[in-house]
Amino acid sequence: MKTEKIHIGKIVEGAFNQSNLNKAEFSRAIGILPQNLNTRFESEDWSVIKLISAGKALNFDFSSLLTLENGEQKIIQKPKVILQIEVEDDKINDILKIVEDKKLYNILKR
């Protein structure tokens, strides 16, 4: 059984770099001082509590880091897409009809 070594700090740092948070905001969210954040990113090991706090602050699902499949680590981050559009009042019903007719679903599943 081969177990792949993972570096939690680098994974969290990658998620942080894609976020809109600054270091002070993120540090506060996970309960550390901002000057200690780089040290946390360099650490392979994180407590589950800190990882949960990081996930909440970054709106990122780190739960896959805690799953095992047949004794081996399996890391899969499901992509999440939020579609936000601005629609004029007189066109809302047209948009809702497209969604109801599943035309939007058919476009997105291609």
Side-chain angles (χ1 to χ4, degrees):
M1 172 175 75
K2 182 182 175 188
T3 302
E4 213 173 295
K5 192 170 187 175
I6 59 172
H7 194 295
I8 303 293
K10 295 298 178 194
I11 294 169
V12 174
E13 182 178 24
F16 168 75
N17 288 336
Q18 294 178 14
S19 77
N20 294 324
L21 294 179
N22 63 43
K23 286 186 174 187
E25 293 168 329
F26 183 60
S27 298
R28 196 175 317 113
I30 63 172
I32 64 170
L33 297 172
Q35 59 265 33
N36 294 334
L37 186 58
N38 287 337
T39 303
R40 291 300 317 150
F41 287 153
E42 293 170 8
S43 175
E44 292 180 4
D45 298 321
W46 279 50
S47 72
V48 173
I49 298 299
K50 291 250 186 284
L51 194 57
I52 290 169
S53 298
K56 287 179 181 177
L58 299 171
N59 195 28
F60 192 92
D61 182 8
F62 292 109
S63 64
S64 62
L65 298 174
L66 306 173
T67 60
L68 296 175
E69 186 172 291
N70 297 329
E72 292 189 19
Q73 191 77 33
K74 183 177 182 180
I75 301 174
I76 298 173
Q77 173 65 35
K78 294 180 181 177
K80 295 180 182 178
V81 176
I82 298 172
L83 179 62
Q84 182 176 357
I85 58 172
E86 187 174 327
V87 179
E88 296 173 16
D89 289 342
D90 62 334
K91 295 184 181 174
I92 291 175
N93 287 332
D94 294 334
I95 299 296
L96 292 175
K97 179 149 178 49
I98 290 170
V99 172
E100 186 177 292
D101 291 343
K102 296 187 180 178
K103 290 178 184 175
L104 180 62
Y105 173 76
N106 290 333
I107 291 169
L108 296 176
K109 75 174 191 174
R110 285 187 219 163

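Just so it is clear, the structure is predicted and the values come from calculations on it, not from any experiment. Atoms considered below: every heavy atom in the structure, side chains included; atoms not considered: hydrogens, waters and symmetry mates.
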Sequence-distant partners of Ser47, side chain to side chain contact (heavy atoms under 4.5 Å, CB included), two or more places apart: Ile49, Lys50
Rounded to the nearest 0.5 Å, how far does CH2 of Trp46 lie from NE2 of His7? 10.5 Å
Residue pair Phe62 / Ala54: nearest heavy atoms and the distance that separates them: CE1-C, 4.0 Å
I'd like to check the salt bridge (Lys or Arg N to Asp or Glu O under 4.0 Å) partners of Lys10; sequence neighbours left out, ordered by chain and number. Glu13
Could you go through residues 28-39 and list every donor-acceptor pair under 3.5 Å that involves a side-chain atom there, pairing it with any protein atom two or more places apart or in another chain?
from: Asn38; atom 1: OD1; to: Lys23; atom 2: NZ; distance (Å): 3.1

Would you find more than 12 non-hydrogen atoms of other residues, nucleotides or ligands less than 6.0 Å from Asp94 atom CG? yes
Who clusters with Val48? Use side-chain heavy atoms, under 4.5 angstrom, across I, L, V, M, F, W and Y, and order the result by chain and number. Ile52
Under the side chain to side chain contact (heavy atoms under 4.5 Å, CB included) test, which residues partner Asn22, sequence neighbours left out? Ala24, Glu25
For Glu44, enumerate each residue passing the salt bridge (Lys or Arg N to Asp or Glu O under 4.0 Å) test, keeping only those at least two apart in sequence or located in another chain. Lys5
From CZ (Arg40) to CG (Asp45), nearest 0.5 Å: 8.5 Å
Shortest non-hydrogen contact from Ala57 toward Leu21: O-CD1, 3.4 Å
ring-ring contact (aromatic ring centres under 6.0 Å, His included) partners for Phe26, two or more places apart: Phe16
What's the spacing between Ile11 CD1 and Ile6 CD1 if we round to 0.5 Å? 5.0 Å
